[in-house]
2 protein chains.
Amino acid sequence: MSNAPVRRPRIADVAREAGVSKSAVSFAFNSPQRLSQETASRILAVAATLGYRPHPVARMLAVRQTTTIGILSPQPLAQVFANPFFPLFAQGVATVTDDRGFGLLFISPLHGSLRRAMERATVDGIVVIGLEESHPEVESIRGSHVPVILVDAPAWPEHGSVGVDDETGARAAAEHLVALGHRELLVVGVEPPTAMADFSPEGVTGRRLAGYRSVAADHGIELGRDRVVVGPATFEGGEQSLLRAWSDGLRPTGVLAMSDAAAAGVVQGGRHLGLKVPDDLSVVGFDDLPLSRFIDPPLTTVHQPVRLKGEEAARLLLLALSSPPGSPSGEHRILETRLVVRRSTAPPPEPARARG
Amino acid sequence: MSNAPVRRPRIADVAREAGVSKSAVSFAFNSPQRLSQETASRILAVAATLGYRPHPVARMLAVRQTTTIGILSPQPLAQVFANPFFPLFAQGVATVTDDRGFGLLFISPLHGSLRRAMERATVDGIVVIGLEESHPEVESIRGSHVPVILVDAPAWPEHGSVGVDDETGARAAAEHLVALGHRELLVVGVEPPTAMADFSPEGVTGRRLAGYRSVAADHGIELGRDRVVVGPATFEGGEQSLLRAWSDGLRPTGVLAMSDAAAAGVVQGGRHLGLKVPDDLSVVGFDDLPLSRFIDPPLTTVHQPVRLKGEEAARLLLLALSSPPGSPSGEHRILETRLVVRRSTAPPPEPARARG
DNA sequence: CCAGTTTAGCAAACCGGTTTAGGCAACTCT
DNA sequence: AGAGTTGCCTAAACCGGTTTGCTAAACTGG
């Protein structure tokens with residue numbers, strides 16, 4: 001019994017023990033048909049008794065492939081996971097990575113820097129979610145050496161992308177509320193509370209807002225900056241947003257929320273204010289997450305194929321990975337949205353209707 | 001203009017271009033103080049114009065560290081993300097990994113094999129969540145060469161672990177229902193639909209069931225195998241579970257769900273059956289996820305510190321990583337649970353109460 | 001001016017695998 | 001018997017960095 005510290009066995013140990021070369025050991029694991037039956041199994045047996053496993057990092061370096069893709073988000077992971085949209089999206093990409101045997105690494109800013117995080121990430125390609133054109137570090141992503149697919153972000157010709165028709169979806173939501181007779185509207189945006197001079201029309205928030213506003217404009221309804229409040233896309237975020245708007249003196253009869261989570265929070269917030277949904281307050285969400293059917297009342301919302309979005313992004317990325325490097329990965333896929341009317345929307349209450 | 005394919009620049013390219021050795025370039029990046037001011041910045045400048053970034057895999061290999069930890073779950077990722085418990089847990093671990101500059105890799109079975117997935121994972125340590133002692137590949141985890149922290153799993157002396165006092169929590173839930181007068185109970189378990197001969201008392205499900213049953217036994221209430229139905233820990237899973245039980249002829253007045261997601265589904269399922277919650281049906285969940293306050297009625301549930309669980313697991317793991325190898329990482333931390341009474345529970349309806 | 005100490009940078013070993021090019025026997029064919 | 005195959009295995013180069021001595025020059029003090 002030796003008292004030497006137990007080092008992880010390496011390929012050379014197996015080779016020596018089995019009386020063969022390193023190459024032979026490597027072949028035994030990766031292309032056993034290049035060895036005689038007996039030799040291969042003898043090597044494998046020796047490896048097993050030694051507890052040898054090929055070192056994954058060394059392997060990655062040698063084959064120049066990690067068989068892992070990254071999901072990159074510009075927000076800290078803890079924040080990202082707070083939004084129920086995200087797990088659903090992740091489900092989509094996980095479905096295809098699982099199927100194709102790829103690993104999944106979550107990339108978030110390293111000490112505030114996306115560039116540093118990307119430099120550290122050992123992935124073959126990256127799915128970027130929720131990046132705004134105005135982000136200070138977009139360049140570090142554009143200049144990435146690995147294939148990139150953008151999700152819900154401005155389309156760059158050199159990278160593939162997948163998104164949904166946000167503006168049309170937003171229009172449908174607004175039309176619905178207006179058709180019911182609402183004229184006092186409140187928009188609950190989902191941006192993380194980054195200070196932005198204004199909403200770039202490039203981002204998700206911007207596109208949806210444009211949709212809401214174009215409908216408002218069509219009907220002579222005011223929907224200025226003061227009727228837009230933003231918060232995190234979470235239950236709490238939505239609840240706070242409504243309460244804040246209320247205490248600012250706004251008295252909307254209809255709320256256009258940019259996420260179901262926020263919408264659910266708005267419903268709850270309304271309850272705290274003594275408002276019945278939909279009798280006193282209508283709210284329409286965005287996403288159509290599973291939870292939207294399970295809150296009370298079931299949420300009227302704009303459906304978008306979130307999981308599919310993840311799947312498509314992953315598929316596009318894996319496609320780019322298997323194509324010769326340099327070939328255009330620039331497919332841009334836009335998925336459809338549609339309004340799903342449930343029971344969180346109704347005509348505005350009498351006094352408001354009279355006013356309208 | 002050369003037509004050579006653009007190779008990623010490597011350290012040797014920078015060295016040549018800057019007229020220094022590879023070591024100097026390495027120092028410029030990792031310990032610039034070992035170089036003169038000018039040399040260091042000259043190297044960095046050359047590196048910048050060349051677009052050079054140290055290759056992360058090569059670096060990992062050389063320093064024998066990945067600065068990444070893994071979250072391993074025995075179920076496919078797509079399934080894991082469907083359970084709202086998980087993102088919350090992930091939030092916890094992400095909080096500390098973000099803070100400490102570690103990456104986060106999600107490890108799920110590779111083509112059905114946990115062992116294969118682990119062999120491929122380039123991580124310094126692993127947090128294992130939701131592993132049952134009966135899992136066929138536990139051994140490949142016990143024998144892992146990297147530090148491991150088990151969450152909600154049987155404590156192994158050689159690995160640290162964190163869990164909660166499931167049985168006490170479950171007892172509290174059952175006591176609550178029984179105290180309200182319920183005697184017709186249904187348990188909704190959260191196991192993935194793996195065929196198990198019986199519920200091992202080692203697993204989460206087993207421990208909670210033991211808690212429920214011990215209370216039932218104390219009060220002479222029957223809670224046999226036929227009153228336990230299991231399904232995925234999702235809204236849909238809970239809904240289906242109740243409907244299935246109902247169509248099997250069970251007529252519970254109180255439901256003990258092992259997850260909030262399932263509990264929310266049960267509430268919805270009850271609605272479909274024309275049952276009012278809590279008037280006709282009481283349901284108590286487990287977890288106390290954020291959503292439990294936002295469904296209607298707000299859910300009575302057993303609180304467990306899910307996010308904290310993630311944080312503690314990550315902290316324990318990082319601690320083990322920074323300790324000398326071989327030192328005992330075997331701290332076992334049990335967090336507390338407590339019943340949170342909201343509005344999904346009430347005395348059973350009259351006919352049942354009369355019967356009881 | 002010389003011994004002793006810093007400073008700046010280099011060469012070479014190393015991390016742990018994969019893969020290409022080839023060598024040597026044994027076998028086949030003529 | 002000699003040339004050409006085939007089967008099995010090896011040596012050596014390579015992936016792209018980090019790190020450990022070590023040397024040569026510059027500086028310090030007596």
Side-chain angles (χ1 to χ4, degrees), chain A residues 5-44 46-47 50-68 119-124 145-146 325, chain B residues 5-44 46-47 50-68 119-124 145-146 325:
Chain A
V6 280
R7 253 203 331 88
R8 175 183 178 134
R10 35 186 214 273
I11 199 169
D13 299 325
V14 179
R16 187 180 353 90
E17 207 72 11
V20 295
S21 69
K22 290 185 351 179
S23 331
V25 179
S26 179
F27 288 146
F29 277 86
N30 302 310
S31 29
Q33 70 282 5
R34 293 190 53 166
L35 262 34
S36 76
Q37 196 76 38
E38 314 96 283
T39 312
S41 42
R42 180 163 47 85
I43 294 177
L44 259 17
V46 170
L50 257 46
Y52 167 77
R53 294 293 146 201
H55 194 300
V57 175
R59 173 170 236 282
M60 278 182 182
L61 181 59
V63 304
R64 284 189 286 302
Q65 207 205 324
T66 63
T67 326
T68 298
E119 283 168 13
R120 211 155 87 0
T122 54
V123 295
D124 294 336
H145 276 146
V146 301
Chain B
V6 281
R7 251 203 332 86
R8 176 183 178 133
R10 31 185 216 274
I11 199 169
D13 300 324
V14 179
R16 187 180 352 90
E17 207 72 11
V20 295
S21 70
K22 291 186 349 178
S23 331
V25 179
S26 179
F27 288 146
F29 278 86
N30 303 309
S31 31
Q33 71 282 6
R34 292 192 52 167
L35 262 34
S36 77
Q37 197 75 39
E38 315 95 281
T39 313
S41 41
R42 180 165 48 87
I43 293 178
L44 258 17
V46 170
L50 258 46
Y52 168 78
R53 293 295 145 201
H55 193 300
V57 176
R59 173 169 235 283
M60 279 182 181
L61 181 60
V63 303
R64 285 189 284 304
Q65 208 205 325
T66 64
T67 326
T68 298
E119 283 168 12
R120 211 157 83 4
T122 54
V123 295
D124 294 336
H145 276 145
V146 300

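Given the structure is predicted, the values throughout are model-derived calculations rather than measurements. Reminder, nothing fancy here: chain letters follow the sequence lines and each chain counts from 1.
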- request: Report which part of the nucleic acid A/R53 touches: base, sugar-phosphate, or nothing (heavy-atom distance under 4.0 Å, all strands).
  value: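 The answer is sugar-phosphate, as A/R53 gets under 4.0 Å only of primed atoms, P, OP1 or OP2.
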- Reckon B/V20 touches a base, only the sugar-phosphate, or nothing at all at heavy-atom distances under 4.0 Å?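 Sugar-phosphate, no base atom in range.
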Could you state the [atom1]-[atom2] distance from [X] to [N], rounded to the nearest angstrom?
{"X": "B/M60", "N": "C/dG17", "atom1": "CE", "atom2": "C1'", "result": "16 Å"}
{"X": "A/R16", "N": "D/dT10", "atom1": "CZ", "atom2": "P", "result": "15 Å"}
{"X": "A/E119", "N": "D/dG16", "atom1": "CD", "atom2": "C1'", "result": "15 Å"}

Compare every heavy atom of A/V20 with every heavy atom of A/I43, then report the nearest pair and how far apart it is.
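Reported closest heavy-atom pair: CD1-CG2, 3.9 Å.
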Nucleotide N/O of nucleotides 12-15 of chain D paired with protein N/O under 3.5 Å:
none

Exercise. Give a yes/no answer on whether the side chain of B/Y52 brings an N or O atom under 4.0 Å of OP1 or OP2 in D/dG17.
Key: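 Result: yes.
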Neighbour count above 12 (heavy atom, 6.0 Å) for B/Q33 CD |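 Yes, enclosed.
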Could you tell me which residues satisfy salt bridge (charged side-chain N to carboxylate O under 4.0 Å, His left out) with [X], sequence neighbours excluded, listed by chain and number?
{"X": "A/R16", "value": "A/D13"}
{"X": "A/E119", "value": "A/R115, B/R53"}
{"X": "B/R64", "value": "none"}
{"X": "B/R42", "value": "none"}

Could you work out, with side-chain contact (heavy atoms from CB on, under 4.5 Å) as the rule, every residue matching B/V46, not counting sequence neighbours?
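Scan of B/V46 (side-chain contact (heavy atoms from CB on, under 4.5 Å), adjacent residues dropped) gives B/V14, B/E17, B/A18, B/L50.
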### Message
Please enumerate all residues that pass side-chain contact (heavy atoms from CB on, under 4.5 Å) together with A/A62, with sequence neighbours excluded.
### Response
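Here no residue qualifies.
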Which residues within residues 26-40 of chain B lie with some heavy atom under 4.0 Å of an atom in DNA chain D?
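DNA chain D contact set from residues 26-40 of chain B: B/S26, B/F27, B/N30, B/R34.
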side-chain hydrogen bond (donor to acceptor under 3.5 Å, both in side chains) against B/T122, all qualifying residues, sequence neighbours excluded
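For B/T122, no residue satisfies side-chain hydrogen bond (donor to acceptor under 3.5 Å, both in side chains) once neighbours in sequence are set aside.
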Just jot down the side-chain hydrogen bond (donor to acceptor under 3.5 Å, both in side chains) partners of A/T39, sequence neighbours excluded, or say none.
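Counting only residues at least two positions away or on another chain, A/T39 forms a side-chain hydrogen bond (donor to acceptor under 3.5 Å, both in side chains) with A/S36.
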TODO: Please report how far the helix from C/dC1-D/dG30 to C/dT30-D/dA1 bends, comparing the axis fitted to its first five pairs with the axis fitted to its last five, to the nearest 10 degrees.
DONE: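 It works out to 40° between the end axes.
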Distance-only donor-acceptor pairs under 3.5 Å for side chains of residues 21-28 of chain A, two or more places apart:
residue : atom : partner : partner atom : Å
A/S21   : OG   : A/S23   : N            : 3.4
A/S21   : OG   : A/A24   : N            : 3.2
A/S26   : OG   : A/N30   : ND2          : 3.4

